[in-house]
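Because only heavy atoms are used, hydrogens play no part in the values below, and waters and symmetry mates are left out as well, while side chains stay in.
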Protein chains: 2
Amino acid sequence: MLKQTEITTIRDFNRNYTKLLGILNRRVLETPLSWTEGRVILEISFNHDKTPIEIANNLGLDKSYTSRILNRFEKHGLLTKTPSVTDSRSIELQLTDKGSTLVHELDERSDQQIRDLLAALNDNQIKQFYQAITVLDQLLFEKAVD
Amino acid sequence: MLKQTEITTIRDFNRNYTKLLGILNRRVLETPLSWTEGRVILEISFNHDKTPIEIANNLGLDKSYTSRILNRFEKHGLLTKTPSVTDSRSIELQLTDKGSTLVHELDERSDQQIRDLLAALNDNQIKQFYQAITVLDQLLFEKAVD
DNA sequence: GCACTTTAGTGGACAAAGTCCACTATATTA
DNA sequence: TAATATAGTGGACTTTGTCCACTAAAGTGC
């Protein structure tokens with residue numbers, strides 16, 4: 001099926017690509033947030049997660065760890081907690097204006113990360129890149145038919 | 001150049017892809033080594049690094065941190081250190097048989113990671129995947145001409 | 001040769017990130 | 001109603017990584 005040289009090519013690409021993204025991510029992270037904190041606040045914003053447990057589950061984090069992160073967010077005025085009306089063991093999270101502003105900033109930096117990634121390419125190459133990404137996305141994440 | 005929707009597609013792909021690789025990596029990491037330790041021992045083996053400072057530089061690690069990792073490796077019989085003949089401040093590293101065996105095991109697990117990645121795809125899809133990876137690799141890492 | 005600066009490796013002290021466990025208070029199930 | 005499961009929290013801990021200072025050996029300019 002796959003030759004050893006092809007596996008090696010894919011492995012090398014994966015290593016190089018994740019490394020490159022990691023380097024570009026440093027710019028995204030030039031914020032008060034750590035990598036995981038960034039994922040958490042984006043998860044709250046983007047997926048409209050309402051409770052700590054959802055976030056912990058969706059991101060695969062320890063619930064205790066998540067709890068502490070959310071406490072820090074609250075302390076820094078990024079979100080507010082209100083008791084859940086449907087389950088009084090639970091809590092609902094709302095981003096404050098400050099929190100939303102930060103999310104917006106992270107979002108723009110992430111967009112910039114992509115532009116940086118492609119900065120050295122010309123229009124035709126960017127088109128090729130996008131098409132290749134689309135192929136991978138469909139194959140891995142969208143269960144495209146043959 | 002890039003539409004916002006395209007940027008979002010790329011961002012989503014990057015997030016999903018790194019997440020998926022991270023999950024598959026857990027299997028690779030079912031060894032006595034942490035992620036960074038794995039990178040270090042592979043670097044010693046693959047790039048034939050001979051000195052701690054080369055490893056620290058190549059992997060972007062703190063030299064103190066690297067020193068401690070290498071000490072652990074020595075303690076666990078994965079490598080031996082010999083004084084450099086050309087620079088007596090420095091040290092040359094050699095993997096022991098045990099170290100080489102571990103590298104081989106990591107290598108096989110990494111290959112298996114790729115197979116797992118593509119496990120749900122049929123032959124034609126695997127071919128498409130490989131071609132797309134090749135395109136990305138050339139565009140990002142091989143400075144291919146237009 | 002001799003002062004000066006740089007470099008390789010190490011360890012102490014610390015910070016950041018993440019895990020594990022126990023606990024309380026609710027909710028769910030039988 | 002009794003037993004069990006779940007949400008959230010905090011204490012204690014480990015792992016991971018950073019920063020700084022130090023020694024000993026090179027390298028550099030003269």
inquiry  = Using OP1 and OP2 only, check whether a side-chain N or O of A/Y65 sits under 4.0 Å from C/dG18.
reply    = yes
request  = Whole angstrom is fine here: how far is it from CZ in B/R68 over to C1' in D/dG17?
outcome  = 9 Å
inquiry  = What is the separation between atom CG on B/N57 and atom C1' on C/dT7, rounded to the nearest whole Å?
reply    = 11 Å
request  = Look at A/S84 and D/dA7 and indicate whether a side-chain polar atom (N or O) is within less than 4.0 Å of OP1 or OP2.
outcome  = no
key: Nucleotide D/dT14, atom C1' - distance to CD of B/E37 in whole Å   = 13 Å
request  = Provide, to the nearest angstrom, the distance between the NZ atom belonging to A/K75 and the P atom belonging to D/dG10.
outcome  = 11 Å
request  = To the nearest Å, give me how far apart NZ (A/K63) and P (C/dT24) are.
outcome  = 14 Å
query = Looking only at side-chain N and O atoms, does A/K81 come under 4.0 Å of OP1 or OP2 in D/dT9?
reply = yes
ask   = Can you tell which of D/dT18, C/dA8, D/dA26 lies closest to the side chain of B/S88?
value = D/dA26
query = Taking atom NZ of A/K50 as the centre, does the number of heavy atoms from other residues, nucleotides or ligands within less than 6.0 Å exceed 12?
reply = no
remark   = Ranking D/dG8, C/dG12, C/dA8 by distance to the side chain of A/S67, first place goes to D/dG8
task = Could you state the atom-to-atom distance from CG of B/L61 to P of D/dG17 in whole Å?
result = 8 Å
request  = Give B/I91 one of three labels, base, sugar-phosphate or nothing, depending on what nucleic acid heavy atoms sit under 4.0 Å from its own.
outcome  = sugar-phosphate
inquiry  = For a quick check of understanding: with a heavy-atom distance under 4.0 Å over all strands, which category does B/T36 fall into, base, sugar-phosphate or nothing?
reply    = sugar-phosphate
task = Taking only the side-chain heavy atoms of A/I53 (C-beta and beyond), determine which of D/dT16, D/dG8, C/dG9 contains the nearest atom.
result = D/dG8
query = Just by distance, with hydrogens left out, do A/Q112 and A/R115 show a side-chain donor and acceptor under 3.5 Å apart?
reply = yes
ask   = Between A/T82 and A/Q94, is any side-chain donor less than 3.5 angstrom from a side-chain acceptor?
value = yes
note = Rounded to whole Å, the CD1-C1' distance (B/I55 to C/dG9) equals 12 Å
note = Closest to the 5' end of DNA chain C, once B/N71 and B/R89 are matched to their nearest nucleotides, is B/R89
query = Closer to the 5' end of DNA chain D via nearest nucleotide, is it A/E92 or B/D62?
reply = A/E92
request  = Send over the distance from A/E74 CD to D/dG8 C1', rounded to a whole Å.
outcome  = 13 Å
key: Presence of donor-acceptor pair under 3.5 Å, side chain of B/S64 and base of D/dC20   = no
ask   = Which distance, rounded to the nearest 0.5 Å, do you find between the CG of A/D87 and the CD of A/E92?
value = 9.5 Å
task = Please determine if a side-chain N or O atom of B/S90 lies less than 4.0 Å away from the OP1 or OP2 oxygen of C/dG9.
result = yes
key: Electrostatic pair B/D62:B/R68 at N-O distance under 4.0 angstrom   = no
